[in-house]
Colleague: 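Here it is, the structure, as structure tokens.
Because only heavy atoms are used, hydrogens play no part in the values below, and waters and symmetry mates are left out as well, while side chains stay in. Here is the naming used below: chain letters follow the sequence lines, and residue numbers restart at 1 for every chain.
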There are 2 protein chains.
Amino acid sequence: MERIVQNPEFEETKQIIEEYASRKYTLQINGLCSVNYRGRAKSKLDRGERIVIKKQDSALLVHGPENYQPKNWQPEVDRWNVQIDEENEELVMESKRTSPEELVEIRFERIDLVTVDQLVDKSELKIRGHEVDIHEAVEEEPEIVEDGLKVVEREKETPAGFIDVFARDTEDKYVVIEVKRNPDYNTVLQLQRYVDEIEEEFSGKIRGILLAPKMTDKILDYLEDRGLEFVEVEMEDVIASYESLNQSQKGLSDFDPSYET
Amino acid sequence: MERIVQNPEFEETKQIIEEYASRKYTLQINGLCSVNYRGRAKSKLDRGERIVIKKQDSALLVHGPENYQPKNWQPEVDRWNVQIDEENEELVMESKRTSPEELVEIRFERIDLVTVDQLVDKSELKIRGHEVDIHEAVEEEPEIVEDGLKVVEREKETPAGFIDVFARDTEDKYVVIEVKRNPDYNTVLQLQRYVDEIEEEFSGKIRGILLAPKMTDKILDYLEDRGLEFVEVEMEDVIASYESLNQSQKGLSDFDPSYET
DNA sequence: TAATAGATGTCGGGT
DNA sequence: ACCCGACGTCTATTA
């Protein structure tokens, strides 16, 4: 750990920020501050004790004592500015970003702790259970959706967007499949959009199937009102499908079996 | 600040976590760790240096050196468990949550810093620029959309859903306005559905306007192909509209004028 | 409690 | 650099 300073003076904190803000260091500042934001929206946050984190890619987070999400943030900062406001006895830390034009201004009244560190983390997050895993499972085992289904194409491009799975059923009718982990009304519209597009392209009636691990009554109504269908897929089957696939490839398993219990 | 410990032993860290995890304290732990998650999906994150934060409402964040978002998290934790894995020389911190059933397991190999604090933050975030603020701005100043526009109704209910703004133009034609901060293809279909619905109700041609702060060429094409219109709204105008409204009510201004420059 | 829509959404992948 | 869709989305609001 590069530096740890408790209850630093503004001057010292200013120097630390100026030294490390624009470099690949992680800064953590605990203190009493207020925050203003202006850009895509505008916000004001009065004084409170918070944790400010500047990450190595310049991401900025202002975390309060509660909630998953930060109170204020900046996913990417282009320019930093630190000033001591003698009149108000505040340390002012500004982060600017272009595209979109945005500004976060943090005014510290008191600083409790500053740490500087260069975190080393080359590990990639391996995750299973995403929508794309359902796509793969369908390609691997089309009977998940329907017996006799033949997958024609995945991620088929159309003027209306990308169709998740394009297939034909036992009667050789075209089937548009939209896969969603968390379907909502928009998903229905999205599927309709694709079906409309394909019907135009092939000038005939096309089936549209929404494939999802869950569904609500209202969305189902909305779907069926449009002549579209719903097929449920078990997320556990998808993960199992992936893992059975992976078990055959010794040593490539993404997950530690000891974690299973 | 309740406690700050550098390079603590596992035993000491375990005691600190056990003492504070379930109480309204903020814990920050910097160290080398790996993380497993299982619940709605499943993930594995190999060893790397990270910042683990447990907030006062039990939210758990595992932040890597980059990005706005945490690598792993738990918005709410119901049960904590800390164990020292002597065999692997790891400190294992488990957080469980029911509804949905989820588990995050953090395995520390090295701990650099532990801090315990009780952050006091009673301030509410005041924010302007949400979609509803655009609605209000239109009601206040309909010329934002079009000269001579008269707002008939906001949040008008139809069988197809709620119409953001229902209005009439200078020629007394009905206008359906859909407001979106981030419009997409589905927004177009949504608007079209409202227009179809209203055309049925009033049996006549109805105008449909998508009001948004931004637009892409493709979505614009898709919109205009359907005879619908796009009007751009400046978020700054929306915010200004709110503030001019508020200035008339002395002392209620949400924002510090000194920030304006 | 569940469902529904919004977010300064963010992020990754493709063009 | 922009466009587009997914997200362990999260979160607030409402039935």
Colleague: Quick one: H63(B) NE2 to dC11(C) P, roughly how many Å, whole number?
Modeller: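 Computing the H63(B):NE2 to dC11(C):P distance gives 10 Å.
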Colleague: For L125(B) and dT8(C), give me the distance from atom CG to atom P, rounded to whole Å.
Modeller: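 Answer to the nearest Å: 8 Å.
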Colleague: Ignoring backbone atoms, test whether R40(B) places a side-chain nitrogen or oxygen under 4.0 Å from the OP1 or OP2 oxygen of dC10(D).
Modeller: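 Answer yes for this pair, as a side-chain N or O of R40(B) is under 4.0 Å from OP1 or OP2.
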Colleague: Mind checking E102(B) for me? I need base, sugar-phosphate or nothing, with any heavy atom below 4.0 Å counting as a touch.
Modeller: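 The residue E102(B) makes base contact.
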Colleague: Taking dC4(D) as the reference, what is the distance to dG8(D) when you measure between their P atoms (whole Å, please)?
Modeller: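 Those two atoms are separated by 22 Å.
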Colleague: In whole angstrom, give me the gap between the C1' atoms of dT8(C) and dT14(D).
Modeller: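 Here dT8(C) and dT14(D) have their C1' atoms 25 Å from each other.
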Colleague: Which nucleotide in the list dC10(D), dG8(D), dC11(C) gets nearest to the side chain of Y68(A)?
Modeller: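 Of the candidates, dC10(D) comes closest.
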Colleague: Salt bridge check, R97(A) against E102(A): does any charged N sit closer than 4.0 Å to a carboxylate O?
Modeller: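 Looking at E102(A) and R97(A), the cut-off is met.
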Colleague: Look up atom CZ in F108(B) and atom CD1 in I29(B), then write down how far apart they are to the nearest 0.5 Å.
Modeller: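 The CD1 atom of I29(B) is 4.5 Å from CZ of F108(B), to the nearest 0.5 Å.
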Colleague: So among Q56(A), K55(A), Q118(A), which one has a side chain to side chain donor-acceptor pair (under 3.5 Å) with T26(A)?
Modeller: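 Answer to the side chain to side chain donor-acceptor pair (under 3.5 Å) test with T26(A) among Q56(A), K55(A), Q118(A): Q56(A).
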Colleague: Nearest 0.5 Å, please: how far is CD in E49(A) from OG in S123(B)?
Modeller: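 S123(B) OG to E49(A) CD: 10.5 Å, rounded to 0.5 Å.
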Colleague: When the P atoms of dC11(C) and dT11(D) are considered, how many whole Å apart are they?
Modeller: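 Each nucleotide's P atom is 16 Å from the other's.
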Colleague: Please tabulate, one pair per line, each protein N/O and nucleotide N/O from nucleotides 3-7 of chain D that are separated by under 3.5 Å, including the distance.
Modeller:
| from | atom 1 | to | atom 2 | distance (Å) |
| --- | --- | --- | --- | --- |
| dC4(D) | OP1 | Y185(B) | OH | 3.0 |
| dC4(D) | OP2 | T216(B) | OG1 | 2.7 |
| dA6(D) | OP1 | E131(A) | OE2 | 3.3 |
| dA6(D) | OP1 | E178(A) | OE2 | 3.4 |
| dA6(D) | OP1 | K180(A) | NZ | 3.0 |
| dA6(D) | OP2 | K180(A) | NZ | 2.5 |
| dA6(D) | O5' | E131(A) | OE1 | 3.4 |
| dC7(D) | OP1 | E131(A) | N | 2.5 |

Colleague: Give the rounded distance in Å between these two atoms: CD1 of I127(A) and P of dT9(D).
Modeller: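 Distance, rounded to whole Å: 9 Å.
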Colleague: Has the side chain of N67(A) got a donor or acceptor that lies under 3.5 Å from a partner of the other kind on the base of dT11(D)?
Modeller: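 No.
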Colleague: Can you check the K214(B) NZ to dA1(D) P distance for me, whole Å?
Modeller: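 In whole Å, dA1(D) P and K214(B) NZ are 16 Å from each other.
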Colleague: Quantified in whole Å, what is the C1' atom distance between nucleotide dG5(D) and nucleotide dA7(C)?
Modeller: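 Approximately 16 Å lies between the C1' atom of dG5(D) and that of dA7(C).
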Colleague: Do K126(B) and D46(A) sit within salt-bridge range, that is, some charged N less than 4.0 Å from a carboxylate O?
Modeller: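 Yes, charged N to carboxylate O under 4.0 Å.
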Colleague: Check the surroundings of atom CD in E232(B): do more than 12 heavy atoms from other residues, nucleotides or ligands lie under 6.0 Å from it?
Modeller: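 Correct, the count exceeds 12.
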Colleague: Check every atom of dC2(D), dG8(D), dT11(D) against the side chain of Q69(A) and return the nucleotide holding the closest atom.
Modeller: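 The closest nucleotide is dT11(D).
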